[in-house]
Number of protein chains: 2
Amino acid sequence: MAFEITDAPITRGVLAKKANCHIETVRYYENIGLLLPPSRTEGGHRLYKIDDQRRLRFILRCRELGFNIDELRSLFSIVDTNTYTCGEIKSLSTDHLKSVRDKIKDLKRLEKTLSGILKNCTGGEIPECPIIDSLWAD
Amino acid sequence: MAFEITDAPITRGVLAKKANCHIETVRYYENIGLLLPPSRTEGGHRLYKIDDQRRLRFILRCRELGFNIDELRSLFSIVDTNTYTCGEIKSLSTDHLKSVRDKIKDLKRLEKTLSGILKNCTGGEIPECPIIDSLWAD
DNA sequence: CCTTGAACCTGTAGTAACTACAGACACTAT
DNA sequence: ATAGTGTCTGTAGTTACTACAGGTTCAAGG
């Protein structure tokens, strides 16, 4: 996620392109309060300054790390006070890491079951299938 | 997923309890066409016979294996003709298995990044944090 | 200065897979 | 007959966006 931040204020479309995200997503993040309302032109078009750009990048990076909107809200509620401690952030991130690991565990179990069933499958033209059989059976 | 199928037709609530799923989910599956409309009492209450029960169980088992509604629809469109072949089912399931494996790969990459960042974290009372720093940094 | 076309504005609806009502009716037991 | 639970319907809420429609603003060219 290279994301050059420019000194001069930029419009929503330019920001979105720079951030490689959908233009509507930018507005969405403002609507739900993750992005702060930016300044505007006389005509009402949004203008994103350095801090706005940085904040969007922060959000997108967190999303890439799998943080959901609620976790991001928590992160901001800590960070925006400017009195956050390393411990607070670590605790949040550790929780998140755990949920990621849980998801991996679940998917692995699922993968095992699925490939186990698939092994019994000949894949031929015959009008029956051990997969279906095992799913219908009592 | 033990799921005794009873000879006598049962109501939606009883079915849901037996299947260990939410009562509204049963209606939902009917609304979207996965469950076939069951017979009714004179008063209009649904009555689920053996085949209905089996079909719900099939759906729930597929959902447990991570198949989404669309994949289930495809499965049924094959199975409901009663002329399905093992090959058709295998192909669908193999695709699904691949998407599961892709998800695992994504999550593992994510886990690695996340735990990498977390390692640099002291977690103390200091008012700064390498996690935040790395997310804000250019 | 005027026009044109792209970019932007707003509000709203759609996506997946449910879950959660509200207000009315059916069923069961006493 | 009545009380209390179970079901009925349609609709709205959830997550994290995405996709319009109908209107306005902006930047560039003449």
Side-chain angles (χ1 to χ4, degrees), chain A residues 8-35 37-49 52 55-56 58-76 96 99-100 103 106 110, chain B residues 8-35 37-49 52-53 55-56 58-76 96 99-100 103 106-107 110:
Chain A
I10 54 180
T11 62
R12 185 152 61 103
V14 174
L15 176 61
K17 204 158 287 169
K18 210 189 268 289
N20 197 30
C21 81
H22 202 284
I23 186 170
E24 297 289 17
T25 305
V26 177
R27 188 164 61 109
Y28 170 70
Y29 286 150
E30 183 185 333
N31 283 340
I32 63 171
L34 285 189
L35 282 177
S39 55
R40 304 261 184 154
T41 65
E42 293 253 317
H45 286 200
R46 289 174 181 79
L47 286 177
Y48 295 92
K49 303 208 185 118
D52 302 313
R55 194 173 177 103
L56 175 61
F58 181 87
I59 293 169
L60 293 176
R61 282 176 177 167
C62 287
R63 296 287 299 120
E64 272 194 343
L65 292 174
F67 286 93
N68 64 24
I69 302 291
D70 245 25
E71 290 171 319
L72 254 162
R73 247 191 268 274
S74 302
L75 257 179
F76 276 130
H96 176 55
S99 85
V100 170
K103 253 180 241 161
D106 285 350
L110 206 154
Chain B
I10 53 179
T11 61
R12 184 152 60 105
V14 173
L15 176 61
K17 204 157 288 168
K18 210 189 269 288
N20 198 28
C21 81
H22 202 283
I23 186 170
E24 298 289 18
T25 304
V26 177
R27 187 163 63 108
Y28 170 70
Y29 286 150
E30 183 185 334
N31 283 339
I32 63 172
L34 285 189
L35 282 178
S39 55
R40 303 259 184 156
T41 65
E42 294 252 316
H45 286 201
R46 291 173 179 80
L47 285 177
Y48 296 92
K49 302 207 186 118
D52 303 312
Q53 299 172 43
R55 194 176 177 102
L56 176 60
F58 181 88
I59 294 170
L60 293 175
R61 281 177 179 167
C62 287
R63 297 286 300 121
E64 272 194 344
L65 291 174
F67 287 93
N68 63 24
I69 302 291
D70 247 23
E71 291 171 317
L72 256 163
R73 249 191 266 274
S74 303
L75 258 179
F76 277 130
H96 176 56
S99 85
V100 170
K103 250 179 244 162
D106 285 351
L107 281 175
L110 207 154

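The basis for the numbers below is simple: all heavy atoms, side chains too, and nothing from hydrogens, waters or symmetry mates. Throughout, protein chains are lettered first and strands after them, A, B, ... in sequence-line order, and every chain is numbered starting at 1.
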Tell me: [atom1] of [X] to [atom2] of [N], nearest whole Å?
X        : N      : atom1 : atom2 : answer
B:Tyr28  : D:dA12 : OH    : C1'   : 15 Å
B:Leu15  : D:dT7  : CG    : P     : 10 Å
B:Tyr48  : D:dT7  : OH    : C1'   : 10 Å
B:Lys103 : C:dA16 : NZ    : P     : 14 Å
B:Tyr29  : C:dA16 : OH    : P     : 14 Å
A:Leu47  : D:dC26 : CG    : C1'   : 11 Å
B:Asn68  : C:dT15 : CG    : C1'   : 13 Å

Is [X] near enough to [N] that one of its side-chain N or O atoms lies under 4.0 angstrom from OP1 or OP2?
X       : N      : result
A:Thr11 : D:dC26 : no
B:Arg40 : C:dC25 : no
A:Arg12 : C:dA7  : no

Looking only at heavy atoms, which two atoms of A:Leu110 and B:Leu65 are closest? And how far apart?
-> CD2-O, 2.9 Å

Which nucleotide in the list C:dT19, C:dC27, D:dT9 gets nearest to the side chain of B:His45?
-> C:dC27

Nucleotide nearest A:Ile23 (side chain, heavy atoms from C-beta), chosen from C:dC8, D:dA16, C:dC18 = C:dC8

Would you say the base of [N] and the side-chain of [X] have a donor-acceptor pair closer than 3.5 Å?
X       : N      : answer
B:Glu24 : C:dC21 : yes
B:Glu42 : C:dC27 : no
A:Arg27 : C:dG11 : yes

Ring geometry between A:Phe58 and A:Phe76 (parallel below 30°, tilted from 30 to 60°, perpendicular above 60°) | tilted

Taking the side chain as every heavy atom from C-beta outward, state whether A:Lys17 and A:Arg12 have any atom pair closer than 4.5 Å.
-> no

For B:Arg63 and for B:Gly44, find the nucleotide of DNA chain C with the closest heavy atom, then tell me which residue's nucleotide is more 5'.
-> B:Arg63

Counting only heavy atoms not in B:Lys18, do more than 12 fall under 6.0 Å of its NZ?
-> yes

